[in-house]
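What you see is a predicted model, and the numbers here were worked out from it, not measured in a lab.
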Amino acid sequence: MKAWRIVPVVLLAIMVSCDEQKLYVHYQHTPLSGWARNDTLTFLLPAVKEKGTYLIDQGLRINSAYPFTGITLVVEQYVYPHASTTLLPTAFSRDTLNCKLFDDNGKPKKEGINLFQYNYHVKQFNLSPNDSIKVQVRHVMKRESPEGIADVGIKLLKE
């Protein structure tokens, strides 16, 4: 195949693979030796540019040292007008996610060799231009510091 024919195919593949709806994705590392219960992770999402419906997803990466079949996370979302966290939030929401990570036979529900990636839908918001969101995540497991949790993340998508 001639080079001039390959270029349009490559450009088309790049354009199709891009997800324009994904506005924010960020992960924070947690100590593999144990994520302390009182160690709340905070994510400051950027202001949205246009009015619309937005989705927040929770990401989680664990390794094979994680000792439980699931994890319970508390995810709090604060919506701030005009991208200012100094004003009072216009909306607050708290969700408890009961995330099942392994099946009944102890096999991970996701594929991986030593790191397993999970994503869970948290909440849908109707936002106005320049609204921003602060998200706080913590676990509420009986064990104070469960080991094997590598990263916790947040994803903001436009519906």
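Partners of Glu144 according to the side chain to side chain donor-acceptor pair (under 3.5 Å) rule, which considers only residues two or more places apart in sequence or in another chain, are Arg37. Here Asn98 pairs with Thr72 under the side chain to side chain donor-acceptor pair (under 3.5 Å) rule; sequence neighbours left out. Scored by the side-chain contact (heavy atoms from CB on, under 4.5 Å) test, Asn114 finds Asn63, Ser64 as partners (sequence neighbours excluded).
Pairs engaging residues 50-73 under the ring pair (Phe, Tyr, Trp, His ring centres under 6.0 Å) rule: Tyr66-Phe68 [sequence neighbours left out]. The ring pair (Phe, Tyr, Trp, His ring centres under 6.0 Å) pairs that include a residue from residues 88-139 are Trp35-His139, Tyr78-Phe92, where partners are two or more places apart or lie in different chains.
The cluster map of Ile, Leu, Val, Met, Phe, Trp and Tyr, joined by side-chain heavy atoms under 4.5 Å apart, puts Val75 and Leu23 in the same cluster.
Residues Asp95 and Gln77 are in side-chain contact: their nearest non-hydrogen atoms beyond the backbone lie under 4.5 Å apart. Contact annotation: the side chain of Glu76 approaches that of Val74 to within less than 4.5 Å [non-hydrogen atoms, C-beta and beyond]. Using a 4.5 Å heavy-atom cutoff, the side chains of Ile71 and Ile62 are not in contact.
For the residue pair Leu88 and Pro81, the shortest heavy atom distance occurs at O-CD, 3.8 Å. Shortest non-hydrogen contact noted between Lys109 and Asp103 is CG-N, 4.0 Å. Considering all non-hydrogen atoms of both residues, Tyr27 and Gly59 come closest at OH-CA, 3.5 Å. For Lys100 against Asp104, the heavy-atom pair with the smallest separation is NZ-OD1, 3.3 Å.
Distance check: Asp57 CG to Lys123 NZ gives 13.0 Å after rounding to the nearest 0.5 Å. Separation of atoms CG (Asn119) and CG (Leu60) is listed at 9.0 Å; rounding is to 0.5 Å. One distance of note links CG of Leu101 with OG1 of Thr69; it measures 7.5 Å at 0.5 Å rounding. Interatomic distance, Arg61 CZ to Gln117 CD, rounded to the nearest 0.5 Å: 4.5 Å.
Judged by distance alone, the side chain of Gln136 and the main-chain N or O of Lys134 form no donor-acceptor pair under 3.5 Å. Between the Gln28 side chain and the Thr42 main chain, a donor and an acceptor come within less than 3.5 Å of each other.
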What pairs of donor and acceptor atoms, side-chain ones from residues 145-157 against any protein atom, are under 3.5 angstrom apart with sequence neighbours left out?
residue : atom : partner : partner atom : Å
Glu147  : OE1  : Arg143  : NH1          : 3.2
Glu147  : OE2  : Arg143  : NH1          : 3.0
Asp151  : OD1  : His29   : ND1          : 2.4

Point to revise | From CA spacing to verdict: side-chain contact (heavy atoms from CB on, under 4.5 Å), Val135, Val122 | key: CA-CA 11 Å; Val135 179; Val122 178; over 6 Å; no
